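To keep things clear, I will list the structure first and then write my remarks on it.
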Amino acid sequence: MADYQDFLKIMGDKIKSKIEKPQRLYFEVDNEHILEVADYLFNTLGCRLSTATAKETYQGIEVLYHFSHDKTGIYFCPRVVMTDKKNPRMNSITPIVRGAEWIEREMSEMLGITFEGHPKPEPLLTRENKEVMKVPLRKWRWQ
Amino acid sequence: MNKNVIPIGPYHPLLEEAEYFTLVVDGETVVDIELDIGYMHRGHEFISESKTFTQSIYLVERICGICSTSHPFAFVQAVEDVDNIEIPLRARYIRTLIGELERIHSHLLWLGLAGHFIGYDTVWMWAWKWREPVLNMFEIISGNRNHYGMFRIGGVAKDVDPSKVGKLIEILDEIEKKIEMIAKAAKDDPVLKSRLKGVGVLTKKDAIDFCAVGPTARASGVPIDVRKDEPKAAYDLVDFNIIVTENGDVYDKLVVRLLETFESIKICKQCLEKLKTTNGGIRNNVKEISAGEGIGRYEAPRGEVFHYVQTDGTNRPVRHKVRAPSYVNIPTFKASCKGISIADALITLASVDPCYCCTERSIKIRDKNFNLLKFDLLKLSLEKTEQIKRQMK
């Protein structure tokens, strides 16, 4: 398979579940391990944070970071699942990866996630639009 | 020490779209900058969840008017990545051709705007004059000057007419000479050099920290290019170089874009030559997309466009994430604008070729205030197509 086997050996104990595809590795980590995983991917492996995707699933609110390893073209996608849908909270990786500042602010306003340790926890896109509904990307928004 | 604040925007002659910068200045020097976006947000990601995959191609094409092929390019690759769908060889060449022609016209557009921003309108007029034949090439290939509608999941929508390939190569030869002339004049111009050298420097460390992409990162010495890092379409079958410079100032960003234009012309010519000899279909029939996740990306003129699609086996995405290159390039102003003078701030803000529609993923359609309505525009477009056809005979 691809070259992400070394990564799996080193970080294997922190990975709860994984999906392997050619050039793509999606894996789930706990909230307390995300900082360590992000630090390893960004500072040790030299990955670049492309962006992150937040979505609502049946299990809870999910945040999926996309780290691109540009030398090999591999994507490492650590996933954090928050089961508390009413008040989802997770650690912010912005203190480690400065490029995550805007996307974490966007995810926060679109799905109502609180990123602990974010240097500027303000809305990014809907700041001027007061009439926009809160958390617009949440399913079951009528409840 | 007094510190004053200078607002730029939300509506300003420098900015084609609405956004708001606050420069904190100490005398003539910028000491800090605050960025505010969100004036163009329309919620494309939400709309996309209610569209089928084919409808979404048209939707994402309208995120941005300038790089209108980059978004569908990345989106179809994301959907194809779910099931690892292969596309025919001829379609791979056509995709590459469209993508590279777009890079030529986008870089010429930026060159013209950059000249205009520093008050050098000769550059603007020359660059835009020779951007026009590129748009005509698009019209010959796809029937449209912009929003080409060429991409489909599994291939492309239209074939390139073999009888027109010779004419297309002729146009490329002609504009190559003209762009060479503009590039030589711009690179050696003492006014441009003294105006742009050493202005708005983005260091390599800052470019990596802010996760910058595209010409912004390459001008700072970060050798990243999706076309080389993860070659899709026909990028592994054509010969080209990526342009990397070290200084990170506005002049280097100009040089990177100018030299990239020649690489794009080189790729386009190779694709057209291959299209003469490559036979076969242009589209595989994709009947269904299974449940899963896919990532697609493409090196747009401004940098990496990223699309993520999650599917559940139906014909609509469950979640569709779009990230345009300006979204990661605009925050680099925090590093590159510090310590420069107010007069240099404007060209530094323009140097990443910011595209706010992309950043906030939105479209705006207004027809009430225009005299030209839909059918008038359609009529004009058809007349122009007829005119080009007559010229080609």
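Letters A, B, ... mirror the listed sequences (proteins, then strands); counts begin at 1. Every value quoted in this text rests on a predicted model; they were computed, and no experiment measured them.
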Leading residue by heavy atom contact count with chain B [cutoff under 4.5 Å; candidates A/E101, A/R79, A/K71, A/H69]: A/R79

Centroid-centroid distance, A/F7 to A/F27, less than 6.0 Å: yes

Ring centroid separation A/Y26 to A/Y65 under 6.0 Å: no

Enclosure of B/E86 CD (heavy-atom neighbours >12, cutoff 6.0 Å): no

Polar contact flag, side-chain donor to acceptor under 3.5 angstrom, B/N329-B/S326: no

Distance-only side-chain donor-acceptor flag, B/S336 / B/T348, under 3.5 Å: no

Within residues 35-55 of chain A, residues adjacent to chain B where the heavy-atom gap is under 4.5 Å: A/F42, A/R48, A/L49, A/S50, A/T51, A/A52, A/T53, A/A54, A/K55

Contact listing (chain B partner; residues 116-123 of chain A; heavy atom under 4.5 Å): A/K120

Partner of B/K321 by salt bridge (charged side-chain N to carboxylate O under 4.0 Å, His left out), out of B/E45, B/E293, B/E49: B/E45

Closest-packed option against chain A by number of heavy-atom pairs under 4.5 Å, given B/D225, B/D81, B/I208, B/V328: B/D81

Residue B/Y308 versus chain A: region with a heavy atom under 4.5 Å: side chain

Engaged part of B/V226 at the chain A interface, taking heavy atoms whose separation is under 4.5 Å: neither

Under 3.5 Å side-chain donor-acceptor pair for B/T52 and B/N315: no

Side chain, backbone, both or neither of A/S68 within contact of chain B (heavy atoms, under 4.5 Å): side chain

Sub-4.5 Å side-chain heavy-atom contact between B/I8 and B/Y20: no

Chain A contacts, top residue of B/K228, B/Q310, B/E304 (heavy-atom pairs, under 4.5 Å): B/E304

Expected output: side-chain B/R218 to main-chain B/V244 donor-acceptor under 3.5 Å: no

Proximal component of A/I19, with respect to chain B [non-hydrogen, under 4.5 Å]: side chain

Whether B/H320 and B/H307 hold their rings parallel, tilted or perpendicular, with breakpoints at 30° and 60°: tilted

Validation row, ring centre B/Y298 to ring centre B/F73 under 6.0 Å: yes

Polar contact flag, side-chain donor to acceptor under 3.5 angstrom, B/Y39-B/Y11: no

For the student: nearest non-hydrogen atoms of B/I57 and B/P72, plus distance: CG2-CB, 4.0 Å

Top contributor to chain A interface from B/I295, B/T332, B/V222 [non-hydrogen pairs under 4.5 Å]: B/I295

